[in-house]
Student: 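Supplied in structure tokens, the structure appears directly below.
Just so we're on the same page: letters track the sequence lines, and every chain starts at 1. Quick caveat: nothing in here was measured; it's all calculated off a predicted structure. FYI, side chains are in, hydrogens and waters are out, and symmetry mates aren't considered; it's all heavy atoms of this structure.
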Amino acid sequence: MERYDPRAIESRWQAVWEREGTWQVPNPGEPGFDPSKPKSYVLEMLPYPSGDPHVGHLKNYAIGDAIAHFRRRNGFQVLHPMGYDAFGLPAENAAIRTGEHPRVATERSIANFREQFHSWGISIDWRREVATCEPEYYRWTQWIFLRLYERGLAYRNEAPVKWCPKDQTVLANEQVIDGRCERCGTLVVERDLEQWFFRITEYADRLLEDFGLLESWPENVITMQRNWIGRSEGARVSFRCDELDLDFPVFTTRPDTLFGATFFVVAPEHPQLETLIAGTGREAEVRDYVALARKETTAERGAAGREKTGVALGRAVRNPVNGEEIPMFVADYVLMEYGTGAIMAVPAHDERDHAFARSFGLPIRRVIEGTDPDQARDDDGLPYAGDGKMTASGRFDGKHNREAYEEIISWLTAEGRGERAVNYRLRDWLLSRQRYWGCPIPIVYCDDCGLVAVPDGELPIELPEVDDYAPRGQSPLAAATDWVQTTCPSCAGPARRETDTMDTFVDSSWYFLRYLDPHNDRAAWGREAVDHWMPVDQYIGGIEHAILHLMYARFFVKALADIGELGVQEPFVNLFTQGMITRDGAKMSKSKGNTISPSDYVDRFGADAARTFICFMGPPEKGGDWTDEGVEGVHRFLSRLWRLGMEVPGDGGEAQEPEGNALELMRKAHWAIDKVTRDIAQDFQLHTAIAAVMELVNEIYRLRDGLAEDPGGQAVVRFATTTAASLIFPFAPHLGCEVFERVDGTRVWEVPWPQVEQRYLERDTFTLVVQINGKLRAQVEAPAGADRDALLTLARESEAVARHVDGKEIVKEIVVPGKLVNLVVR
RNA sequence: GCCCGGGUAGGCAAACUGGCAAAGCCCGCGCUCUUAAAAGGCGCUGCCCCUCGGGGCGUUGCGGGUUCGAAUCCCGCCCCGGGCACCA
């Protein structure tokens, strides 16, 4: 007997889609554009092309494709493009090892990815494909950089920055995970370097507020971004050093504890440290300490709970609220990058200050009384971070600290010693990298004119060819001397090009805009296209991008909107984050040897089975464990459907009002339509949607023999089979088309999504559940509209019920119409 | 330490607003088709009893509570996963 042969079926349909450009969608004004259809922009995060696509890619695009197909058949004009995040370190590191140009390796990977995506049958408008490493693309990355530069949103600055000694480049804060380089895991150190930044901090509040503009984002992603931005309200307070006639502002979230400040600490990187120690006789000790602190890795310095260290400066500052002189210290627990790089230390009410005071024998003064009488009987209950009445705080004594908080800020403001302030954990985005394989920064340095932007007309500034890609602390581009030497666009004098390249996250912060007008060589995009398609209606990707990519892209869109190039404030109104696939319960990795290659499974079981399985494993937002048996199970299910397609005749029998088993099957088909539609549209419950199609197929098998002789039954079997094919199409598009065409003769993607007929969902009777004391005792068929009394009568008539009620008193009768009766007996 | 998720048959899971716990898939077992095997089809798959119609009991990490009724709500605890963590 003939068997389900996914390879033949899949290549056949892929050829049709390829030849006919089935998934191409025109822009407004182009031939074929249908203004009557609502648009839907369905987008999966673009892949970084390296080696082979892995299961994570398969999952990402299987989910996205299901949504794209579903929306198309529900009347939307769906844009579903694909591209490659093609600049970056892996290709460059390979180039360093092999000497092969990163472009060559990248293009090879792209070709491989593209081919595999085709073999998966993903419904992409391939005319819109982009790769971020192409000059036609990065020309516009540079153009955006210049727009931000003009606005002061891109700037160059010397600052202590995170440096990866292995990759020999600086990193953004977001790329440092637990003090290690996100890419290679090397411990990161701090260096003072002049670097390029994007002023994302200017957008901190809008990045927070505009969560309100989103429709559906996972709560945890919003929380992660919120924490990352880390908005804190408090006050800025100035402490004065009389000897030096200098003010030292601090940021504090607890101005109410100001009277408890007993010492003052500055960060080792504090710019006024040298001024402070000059002439104190403590210079050597302080410098030794600072040198030590700066040699440490960020992880070492940042470790919570480590022993507090520091050195006294031999200086004092005056507390503005009580005029008290308090000693100054330098300590590495104070970070230059947060607040002002200096703190007032309140050891009674801050854990870190408390630890420091203990180590250094400094006074600890309680200024807020605890409210909990039981607290900390065996010690003084300090540090205490809670609320309570003020004490040892002069005229604020006896007041509640929340009240004092406001009054102290008012007082500071009136005295000119401070003000209300907001601080953020978020730092500006460090975007320059001392690496080769990235987008060149379109800036030149002129001895006379300083920093000069490259005029738009000279874009793109193409990457020069070099012989050696190895990073040596400065960008490999610096070796391309002919390229570096240029003329100043402003004065035509000699000038040098910027040799750093951009972080690849810059490339991926706007790619979703380029898809909309990918071949435009006069602008990054045309407004009509962008205004039509934006925002992305459904974005799908891995949770690992919760902060980095998703926050950067939000920032870019807001900045571009402010510049007047875009009409939306948020790029992605709906976000779905998929869970990670494991193997034997463990994360897949080459070192563990538990990776699986999608192409193996596509070869053995077909793309449809691999895709459907991955959507069937469990809730897609959660992870799941890949098993061969699971794929085989789905393959079996698809085979059963395929066999129906072979065996169910395309004609014969006549449609008539179904009865008996035919009616049962008809109902099951409509139940499945309803279930699948709701599961996909509402909750991304793809696994239960697929289970519903499985139920329908099982039901067809159960009933079809009995319906073979029944003329009306034939039509119902045919309907049920085409319905199953139609419903499975978003997950297994090739098989869906195959079965649908065999039985119905038409192309499933050209017909609308199946519609539920309500009358097949409703029944005349329902199974009434009868409980006695909450325990299930009987099930009785009851008329659908039966009222309370009718249901109670039915319930009591049941023999099983009588057995449990006899000789007992019914004390309560609970009736849920259409569902159950519960009799409480004693 | 803080903030989120989550814990349901042997495994993955399902259960809309509190209302029949366990749909679907896998594993396992039995039957069937076949010369045979594979593939396929059918059935079973918490425990106990059965005269084979069915009947009884139990059950959602642990302990308590609310309720006629709890996987679902509340309180306390245990375990697993993720995020943040010297951010003043």
Student: Using the P atom as the point on both nucleotides, what is the distance between G69(B) and A21(B), in whole Å?
Tutor: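 Going atom to atom, P in each nucleotide, I get 15 Å.
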Student: Take the protein atom OH of Y4(A) and the nucleotide atom C1' of G40(B), then report the distance between them rounded to whole Å.
Tutor: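 Y4(A) atom OH is separated from G40(B) atom C1' by 16 Å.
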Student: I need the single residue from F251(A), F264(A), F248(A) that forms a ring pair (Phe, Tyr, Trp, His ring centres under 6.0 Å) with F239(A). Which is it?
Tutor: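 One option only clears the test, and that one is F264(A).
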Student: Return the value, rounded to whole Å, for the distance between atom CZ of R306(A) and atom C1' of A85(B).
Tutor: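 Taking CZ of R306(A) and C1' of A85(B), I get 15 Å after rounding.
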Student: So for N227(A) and C84(B), does any side-chain atom that can act as donor or acceptor lie under 3.5 Å from a complementary atom in the base?
Tutor: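 Flag unset: no donor-acceptor pair detected.
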Student: If we take the P atom in both A22(B) and U59(B), what is their distance in whole Å?
Tutor: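 It works out to 15 Å between them.
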Student: Taking K675(A) for the side chain and A691(A) for the main chain, is one N or O donor matched with an acceptor at less than 3.5 Å?
Tutor: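 No, because the side chain of K675(A) does not come within donor-acceptor range (under 3.5 Å) of the backbone of A691(A).
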Student: Mark up nucleotides 21-27 of chain B, 5' to 3', with B wherever a protein heavy atom is under 4.0 angstrom from a base atom, S wherever such an atom reaches only the sugar-phosphate, and - elsewhere.
Tutor: --BSSSS
Student: If you only use heavy atoms from C-beta on, which nucleotide in C86(B), A88(B), A14(B) is closest to the side chain of Y333(A)?
Tutor: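 Selected nucleotide: C86(B).
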Student: So if I take every side-chain heavy atom of I547(A) and compare against C84(B), A14(B), C20(B), which nucleotide ends up nearest?
Tutor: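 Closest nucleotide to the I547(A) side chain: C84(B).
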Student: Y601(A) vs F605(A) aromatic rings, parallel, tilted or perpendicular, using cut-offs 30° and 60°?
Tutor: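 Parallel.
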Student: Please report, rounded to the nearest Å, how far the P atom of C86(B) is from the CD atom of E300(A).
Tutor: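 Atom-to-atom, E300(A) to C86(B), this comes out as 14 Å.
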Student: Taking C4(B) as the reference, what is the distance to G63(B) when you measure between their C1' atoms (whole Å, please)?
Tutor: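 Going atom to atom, C1' in each nucleotide, I get 25 Å.
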Student: What I want to check is whether the side chains of E174(A) and W429(A) have a donor and an acceptor closer together than 3.5 Å.
Tutor: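 There is no such pair between these side chains.
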Student: Kindly say whether the aromatic ring centers of F329(A) and F356(A) come within a distance under 6.0 Å.
Tutor: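 That pair passes the under 6.0 Å test.
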Student: Mind checking V824(A) for me? I need base, sugar-phosphate or nothing, with any heavy atom below 4.0 Å counting as a touch.
Tutor: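 Sugar-phosphate, backbone atoms only, no base.
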Student: What's the closest nucleotide to the side chain of K819(A) if the choices are G40(B), C20(B), G19(B)?
Tutor: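 Looking only at side-chain atoms, K819(A) lies closest to G19(B).
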Student: Which whole number of Å gives the distance between the P atom of G5(B) and that of C50(B)?
Tutor: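 It comes out at 50 Å once rounded to the nearest Å.
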Student: Heavy atoms under 4.0 Å, any strand shown: does E351(A) hit a base, just sugar-phosphate, or nothing?
Tutor: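 No contact.
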Student: On RNA chain B, check which nucleotide each of K812(A) and E219(A) is closest to and give me the residue with the more 5' one.
Tutor: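 Closer to the 5' end of RNA chain B: E219(A).
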Student: Identify whether any heavy atom of S232(A) sits under 4.0 Å from a base atom; if not, whether one sits that close to sugar-phosphate; answer base, sugar-phosphate or nothing.
Tutor: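 Sugar-phosphate: the residue S232(A), judged by heavy atoms under 4.0 Å, touches backbone atoms but no base.
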Student: May I have the distance from K775(A) (atom NZ) to C57(B) (atom P), rounded to whole angstrom?
Tutor: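 To the nearest whole Å, that distance equals 6 Å.
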Student: In whole Å, what is the span from the CG atom of N773(A) to the C1' atom of C57(B)?
Tutor: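 Spelled out: CG on N773(A) to C1' on C57(B) is 16 Å.
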Student: If you assign each of K675(A) and M224(A) to its closest nucleotide in RNA chain B, which residue comes earlier from the 5' end?
Tutor: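 The residue whose closest nucleotide sits nearer the 5' end is K675(A).
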Student: Could you tell me how far A88(B) sits from C78(B) if I compare only their P atoms? Round to whole Å.
Tutor: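 Those two atoms are separated by 28 Å.
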Student: Just label G69(B) as syn or anti from its O4'-C1'-N9-C4 or O4'-C1'-N1-C2 angle, using within 90° of 0 for syn.
Tutor: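 Base orientation relative to the sugar is anti.
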Student: Between G18(B) and C73(B), how far apart are the C1' atoms? Round to whole Å, please.
Tutor: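 Here C73(B) and G18(B) have their C1' atoms 8 Å from each other.
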Student: With distance as the sole criterion, is a donor-acceptor pair present between the side chains of N698(A) and R640(A) under 3.5 Å?
Tutor: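 Judged by distance alone, the side chains do pair up.
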Student: Applying side-chain contact (heavy atoms from CB on, under 4.5 Å) to T257(A) and M344(A), what does each step give before you reach the verdict?
Tutor: CA-CA 10 Å; T257(A) 64; M344(A) 65 173 203; 3.7 Å; yes
Student: Determine the Euclidean distance between corresponding P atoms of C2(B) and G11(B); express it in Å to zero decimal places.
Tutor: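 Each nucleotide's P atom is 32 Å from the other's.
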Student: In whole Å, I'd like the distance from the CG atom of L426(A) to the C1' atom of A85(B).
Tutor: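 Whole-Å distance recorded here is 17 Å.
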Student: Between G46(B) and G41(B), how many Å separate the two C1' atoms, rounded to a whole number?
Tutor: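 The answer is 27 Å between these two C1' atoms.
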Student: Between the base of C86(B) and the side chain of K308(A), is there a donor and acceptor pair under 3.5 angstrom?
Tutor: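 Side chain to base: pair found, below 3.5 Å.
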Student: In whole angstroms, how far is the C1' atom of C12(B) from the NZ atom of K59(A)?
Tutor: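 The distance from NZ of K59(A) to C1' of C12(B) comes to 12 Å, rounded to the nearest Å.
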Student: Cation over ring, R554(A) on F211(A), under 6.0 Å and within 45°?
Tutor: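 Ring-cation test returns yes.
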Student: Counting N and O atoms only, with roles assigned by atom type, does the side chain of S393(A) sit under 3.5 Å from a partner on the main chain of F259(A), one being a donor and the other an acceptor?
Tutor: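 Judged by distance alone, no pair lies under 3.5 Å.
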Student: Given C20(B), G56(B), C84(B), identify the nucleotide with an atom nearest to the side chain of R777(A).
Tutor: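 That would be G56(B).
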Student: Give the nucleotide from the list A39(B), C86(B), A13(B) with an atom nearest to the side chain of R3(A).
Tutor: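 Nearest listed nucleotide: A39(B).
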Student: Look at all strands and tell whether V811(A) reaches a base, only sugar-phosphate, or nothing, counting heavy atoms closer than 4.0 Å.
Tutor: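 V811(A): no heavy atom of the nucleic acid under 4.0 Å.
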Student: Output the rounded distance in Å from CD1 (I222(A)) to P (C84(B)).
Tutor: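 Checked: the CD1 to P distance equals 17 Å.
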